[in-house]
Amino acid sequence: MRVLSPPTGLAVAVEDLTHTYGGDHERLVVLDHLDLELGPREYLAVTGRSGAGKSTFLAVLGGLERPQSGRVRVGGIDLGTLDGDALASYRRDTVGFVFQHYGLLGSLSAQENVELAMTFAGLSAARRRARARDLLDAVGLADRARHRPSALSGGESQRVAIARALANGPRLVLADEPTGNLDEESTARVLELLEQLPEEHGCTLVMVTHNHGVAERAHRRATLEQGRLIPTP
């Protein structure tokens, strides 16, 4: 993937993070005094059974959910201290999200989906168009820029989603089951793009996956079990 203004990855420090759902009588603990130290530009893959809390963990790192208890610092910033506007800015400017179901708007073309991510970043329309074209070229989809998601394969849609995730130059990329809906060939292509992010784009990458073969390719691996991250040899 061709480098586009690479950022510098961020260190992630999670201390004593606890997250629960439900009330006092039916309380479900999904993250239980969880700790993590992750350096800039590292690539961590997290596995675990369904319902283990993997998506919740990413949501907290990404500022989609506030830490209920404990401390989460990204690049030295304590996410628990950010107000609503600051959290929105953090999600827009610092984090790139890649989801299993792509999250593309069906009424927009591939290029328009990537441009949309930059709408509130202060870029002019011309700069948004130019950067979207460059990003689609970087993921090998320059010739599919005008196609809507319905005309793209699953692998192509996920590559558009990766381009969108990179639109605002994130320093932390969070991928939630990014190959879960893909065939073997598309999985290999998407993983190749994701694995280039730490080295070529300078991003710190955290991915959760059910696929142990996918996880084995990461710099570091861990299993989320009973609310704790257990390092995988």
Side-chain angles (χ1 to χ4, degrees), residues 1-10 12 55 58-66 72 74-75 77 79 81-178 181 190 193-194 196-198 200-208:
M1 192 193 306
R2 182 162 48 85
V3 176
L4 295 166
S5 303
T8 301
L10 295 176
V12 175
S55 293
L58 286 192
V60 173
L61 290 183
L64 296 173
E65 294 198 36
R66 288 185 177 277
V72 178
V74 178
I77 297 174
L79 299 190
T81 67
L82 302 182
D83 62 19
D85 289 341
L87 267 180
S89 296
Y90 168 78
R91 291 191 297 266
R92 182 193 66 220
D93 300 331
T94 302
V95 184
F97 296 94
V98 182
F99 301 104
Q100 179 177 353
H101 298 290
Y102 323 132
L104 303 178
L105 295 181
S107 61
L108 302 181
S109 68
Q111 180 173 318
E112 289 167 338
N113 268 282
V114 178
E115 286 184 47
L116 185 63
M118 295 178 272
T119 302
F120 299 105
L123 296 179
S124 68
R127 288 182 65 192
R128 292 198 302 267
R129 285 194 296 270
R131 181 158 176 81
R133 287 194 297 266
D134 282 346
L135 284 165
L136 288 172
D137 183 34
V139 299
L141 291 174
D143 60 337
R144 308 289 276 171
R146 296 182 180 274
H147 290 69
R148 293 184 179 182
S150 59
L152 301 174
S153 69
E156 288 172 335
S157 293
Q158 194 61 292
R159 283 189 277 154
V160 173
I162 292 172
R164 180 191 57 195
L166 296 174
N168 293 320
R171 301 170 68 188
L172 173 65
V173 173
L174 304 175
D176 192 349
E177 297 284 358
N181 290 337
V190 165
L193 290 172
L194 289 173
Q196 291 172 3
L197 297 183
E200 296 192 10
H201 283 253
C203 304
T204 302
L205 173 61
V206 180
M207 177 177 65
V208 302

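Values below: all heavy atoms of this structure, side chains included; hydrogens, waters and symmetry mates excluded. FYI, the numbering just counts along the sequence from 1.
- Every residue meeting the side-chain hydrogen bond (donor to acceptor under 3.5 Å, both in side chains) condition with Asp176, not counting sequence neighbours, appears here in chain and number order: Ser55.
- With a 6.0 Å radius and a threshold of 12 heavy atoms from other residues, nucleotides or ligands, Arg127 has its CZ atom at or below the threshold.
- Not counting sequence neighbours, the partners of Arg148 by the side chain to side chain contact (heavy atoms under 4.5 Å, CB included) test are Ser150.
- Listed by chain and residue number, Ile77, Leu79, Ala86, Leu87, Tyr90 satisfy the side chain to side chain contact (heavy atoms under 4.5 Å, CB included) test with Leu82 (two or more places apart in sequence, or in another chain).
- Every residue two or more places apart in sequence or in another chain that forms a ring-ring contact (aromatic ring centres under 6.0 Å, His included) with Phe97 is listed here: Phe99.
- Listed by first and then second residue, the side-chain hydrogen bond (donor to acceptor under 3.5 Å, both in side chains) pairs that reach into residues 104-117 are Ser109-Glu112, Gln111-Glu115, sequence neighbours excluded.
- Every residue meeting the side chain to side chain contact (heavy atoms under 4.5 Å, CB included) condition with Ala88, not counting sequence neighbours, appears here in chain and number order: Arg91.
- Residues satisfying the salt bridge (Lys or Arg N to Asp or Glu O under 4.0 Å) test with Arg128, not counting sequence neighbours, are none.
- Between the side chain of Thr204 and the backbone N or O of Leu10 there is at least one donor-acceptor pair closer than 3.5 Å.
- A ring pair (Phe, Tyr, Trp, His ring centres under 6.0 Å) check over residues 100-130, counting only residues at least two apart or in different chains, returns nothing.
- The side chain to side chain contact (heavy atoms under 4.5 Å, CB included) search around Ala165 returns Val98, not counting sequence neighbours.
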Checklist entry - Can Val74 and Leu172 be said to form a side-chain contact (heavy atoms from CB on, under 4.5 Å), step by step? => result CA-CA 9 Å; Val74 178; Leu172 173 65; 4.1 Å; yes

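- No side-chain donor-acceptor contact under 3.5 Å links Asn168 to the backbone of Pro170.
- Residue pairs meeting the salt bridge (charged side-chain N to carboxylate O under 4.0 Å, His left out) criterion with at least one member in residues 96-108, sequence neighbours excluded, do not occur.
- Contacts classified as salt bridge (charged side-chain N to carboxylate O under 4.0 Å, His left out) and involving residues 151-167 (residues at least two apart or in different chains) are given here: Arg144-Glu156.
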